[in-house]
Amino acid sequence: MLNEEAPHLLEKREKKERRVGLPELKNAEKGNVVLRFAPNPNGPMSFGHARGIVINGEYAKEWDGELILRFDDTDTVVKPPLVSAYKDIETEAGWLLGYAPHRVVIASDQIPHYYEHAEQMLKAGFGYVCRCSGEAFKVFRVDKTECPCRGNSTETNMNLWGKMLDGTFKPGDAVVRVKTDMTLKNPALRDWPALRMQDTANHPHPRPEIGSTYRVWPLLDFQSAVEDHLQGVTHIIRGKDLMDSTRKQTLLYEHFGWEYPETMYWGRVKVHEWGGFSTSQMRRDIEAGHFTGWDDPRLPTLAALQRRGITAEALRAFWIELGVTQKDISVPLTTLFSHNTKQIDDEAPRLAFIRSPQQFNLTGEHPSSVSVDVHPNHEEQGKRTFDLTSPAIWIEQDDSAKGELRLKGFADVTLTGTDAAVQSIDRQDNRPIVHWLSDAQSTPGTLILADDGELLELNGQMEDHAYPVGTMVQLERIGYGRVLSPTVILFSHS
RNA sequence: GGCCCGUUCGUCUAGGGGUUAGGACGCCAGGUUUUCAUCCUGGUAGCAGGGGUUCAAAUCCCCUACGGGCUACCA
């Protein structure tokens, strides 16, 4: 009866299930999904790029689809590509994804295709060569009036196009525009520029195989639109700053008679601990020697994060959790670190590092050696043994001020002068438990930490170990770090 | 100036007409632990503001405020 009177009351219940993971991909067909991630290779990737790779990559995996890594390297003057970045980005993408991108496309290799489509556009009459300056055209755009070039005949357009190609025109003399409608409500869409000329004689494309070969280059909206069609992209997921780009490209797709892919957008992300870093600025700062390189731990690059020991799994979990909301957000790095802790803690061997080490001499009755677990939750990882036949031990200065201490895993001691008198091997009271080292099993070492824009090198006493470079360890009572050498550890996070 | 997008616990996120508004991080309390780690248990706290539609609004509409973006011969 309820079913007849008020069916909606019964239907509601199942809608309450909470979604886990990424939202549903609209109009997706298993095995027939093509996504792409399209960075400008003007430097290695930074934290924000990871979102593009992770989100697109996860959808590709989920739908048995393909992920295209596309280098949008069509500017040689304002944001010139960095030759080494192509390879770096591809490697980093593979690391982050856990699989190699299915296809790699380099826009600068595709120029002939873009020319073909530009000519097709000119011949079909939905594009024209515009000889107005940028400033002059801005007036037309604001006033909703058509520029005189808009009325060019096909012959005129083809003639002018030829002059762009053969170098009769110089950069700034002419651009190819897509005819939309100068009265469109959104000024950003009015007869937008599709191709322009670049001074590749003085600003050759950094890829030697391209160099100064082309004078005419497509702009992002045109290049991306044509390439997405050529590659059969079905879904575009990118930042919402490109929303108007979608609208421009949709107008072009209508001219060509193509169907525009499904789109999704994410909002702007700021990381509380990092201000605004731009790839171009980082590149200048590195070249000026302000940073040690792209993997300088102070930098928000993927290389730096990887060097610090942030795992690809943690990065993926982090971005998947943020999803694809269009909200502009500001997230703390601690969220990423929390994901990372979950990834590494179970494996990370424990190690002692004594900051501001003070040496004491053990006195009183005690065993000649003591063993503690490599990992408290995993006995199978073995023991660390400290030889105590020689009395020298190390304790952190801050701890030594406390006077009465429990040396972790060993004994209760009382500090007097430079003596550490063993009072009891068993724990007798609730005095503070501190980490310590025997002089015999330790050497001077360094803990490097990136703190508030500074690179600090903390010297101290490092427990001897044979872990290979790259091992993530947990420094007792300090936090996680990555082994850079037997005596140097790069602090990761607490 | 024009146009576009957004606003749910401190932070991030789920939910998109009827929910005790769920989860994660953080924080607090307790437990395990010879690390201020990990792990477990519990607690804390939220629908930007104002109108409207509706029996019913966090959810739909309008306005305002705030945040972000585009309007480049950058991507």
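Per chain, numbering begins at 1; letters A, B, ... match sequence-line order.
Just one of A:Asp166, A:Leu195, A:Thr156 meets the side-chain contact (heavy atoms from CB on, under 4.5 Å) condition when paired with A:Trp161; it is A:Leu195.
Atom CZ of A:Arg384 and atom P of B:U35 are 11 Å apart (whole Å). One atom, CH2 of A:Trp192, and another, C1' of B:G2, lie 20 Å apart when rounded to the nearest Å. In this structure, A:Asp244 places its CG atom 14 Å from C1' of B:G6, rounding to the nearest Å. Look at CG on A:Asp191: it is 15 Å from C1' on B:C73, rounded to the nearest Å. At whole-Å resolution of the value, NZ in A:Lys342 and C1' in B:C25 are 8 Å apart. For the pair A:Asn377 CG and B:C40 P, the computed distance is 11 Å after rounding to whole Å. Atom CD in A:Glu379 sits roughly 14 Å away from atom C1' in B:U33 (whole-Å rounding). A:Leu219 places its CG atom 10 Å from the C1' atom of B:A75, with the value rounded to the nearest Å.
Picking from B:U34, B:C74, B:U71 the nucleotide with the shortest atom distance to the side chain of A:Asp75 gives B:C74. Side chain of A:Arg177, nearest nucleotide from B:A24, B:U34, B:C73: B:C73. Counting only heavy atoms from C-beta on, A:Asn186 has its side chain closest to B:C3 among B:A14, B:C3, B:U71. Relative to the side chain of A:Ala188, the nucleotides B:C12, B:U71, B:A37 differ in distance, and B:U71 lies closest. Considering only the side chain of A:Asp399, B:C36 comes nearest among B:A37, B:C5, B:C36.
Distances shorter than 4.0 Å separate none of the side-chain N or O atoms of A:Thr335 from OP1 or OP2 on B:C12. Checking the phosphate oxygens (OP1, OP2) of B:U11, no side-chain nitrogen or oxygen of A:Ser330 falls inside 4.0 Å. In terms of phosphate contacts, A:Arg196 brings a side-chain nitrogen or oxygen within less than 4.0 Å of OP1 or OP2 of B:C74. Taking side-chain N and O atoms only, A:Lys185 has a distance below 4.0 Å to OP1 or OP2 of B:C4. For A:Lys327, a side-chain nitrogen or oxygen approaches OP1 or OP2 of B:U13 to under 4.0 Å. An OP1 or OP2 oxygen of B:G69 is reached within less than 4.0 angstrom by a side-chain nitrogen or oxygen of A:Arg268.
A:Leu322 comes within 4.0 angstrom of sugar-phosphate atoms only, judged by non-hydrogen atoms across all strands, and of no base. Counting non-hydrogen atoms under 4.0 angstrom, A:Gly172 reaches a base of the nucleic acid. Here A:Thr74 lies in heavy-atom contact (under 4.0 Å) with sugar-phosphate atoms only. Using a 4.0 Å heavy-atom distance criterion, A:Arg350 is classed as a base contact. Nucleic acid contact for A:Val175: base, since at least one base atom lies under 4.0 Å from a heavy atom of the residue. Using a 4.0 Å heavy-atom cutoff across all strands shown, A:Gly323 reaches no nucleic acid atom at all. Using a 4.0 Å heavy-atom cutoff across all strands shown, A:Pro193 reaches sugar-phosphate atoms only and no base atom. Using a 4.0 Å heavy-atom criterion, one finds that A:Ser133 contacts the bases of the nucleic acid, with or without backbone contacts as well. If you check every strand for non-hydrogen atoms under 4.0 Å, A:Pro332 touches sugar and phosphate atoms only. Among the heavy atoms of the strands, none lies under 4.0 Å from A:Ser245.
The partner of B:G1, taking Watson-Crick or G-U wobble pairs whose two distances both stay under 3.5 Å, is B:U71. B:A65: Watson-Crick or G-U partner is B:U7, with both key distances under 3.5 Å. Across every strand in view, B:U35 sits unpaired, with no contact that passes the Watson-Crick or G-U test at under 3.5 angstrom. Partner assigned to B:U20 is none, using Watson-Crick or G-U wobble distances below 3.5 angstrom. Pairing of B:C27, defined by two Watson-Crick or G-U wobble distances under 3.5 Å, is identified with B:G43.
For A:Asp73 (side chain) and A:Ser108 (main-chain N/O), a donor-acceptor pair under 3.5 Å exists by modelled atom type.
Using modelled atom types, one finds a donor on one side chain and an acceptor on the other under 3.5 Å when comparing A:Gln110 with A:Glu227.
One distance of note links NZ of A:Lys79 with CG of A:Asn40; it measures 6.5 Å at 0.5 Å rounding.
With A:Tyr86 as the aromatic partner, A:Arg207 meets the cation-pi criteria of under 6.0 angstrom to the ring centre and within 45 degrees of the ring axis. In this structure, A:Arg177 satisfies the cation-pi test against A:Phe137, with its NZ or CZ atom closer than 6.0 Å to the six-membered ring centre and inside 45 degrees of the ring normal.
You'll find a donor-acceptor pair under 3.5 Å spanning the side chain of A:Asp328 and the base of B:G67, going by distance alone. Not a single donor-acceptor pair, N or O on each side, falls under 3.5 Å between the base of B:U34 and the side chain of A:Arg427. Residue-to-nucleotide contacts include a donor-acceptor pair under 3.5 Å from the side chain of A:Gln474 to the base of B:U35.
B:A21 and B:C47: their P atoms are spaced 12 Å apart (whole Å). The separation of B:A48 from B:U7, taken at their C1' atoms, amounts to 7 Å, rounded to a whole angstrom. Spacing of C1' atoms, B:C39 relative to B:U32, comes out at 8 Å, to the nearest Å. Nucleotides B:G26 and B:U11 place their C1' atoms 8 Å apart, quoted to the nearest Å. Taking atom C1' on both nucleotides, B:G67 is separated from B:U33 by 45 Å, rounded to a whole Å. Only the C1' atoms considered, B:A58 is 14 Å distant from B:G49, to the nearest whole Å. Comparing B:G42 with B:C70, their P atoms are spaced 46 Å from each other, to the whole Å. Across B:C9 and B:U64, the matching P atoms stand 23 Å from one another, rounded to whole Å.
Contact annotation: the side chain of A:Thr74 never approaches that of A:Leu220 to less than 4.5 Å [non-hydrogen atoms, C-beta and beyond]. The closest side-chain heavy-atom distance from A:Met121 to A:Leu252 is below 4.5 Å. Counting heavy atoms from C-beta on, the side chains of A:Leu69 and A:Ile89 come closer than 4.5 Å.
Comparing A:His339 and A:Tyr480 by the nucleotide of RNA chain B that holds the closest heavy atom to each, the one mapping nearer the 5' end is A:His339. Between A:Arg355 and A:Lys240, it is A:Lys240 whose nearest contact on RNA chain B lies nearer the 5' terminus.
A perpendicular orientation is assigned to the rings of A:His366 and A:Phe410, their planes being inclined by more than 60° (bins at 30° and 60°).
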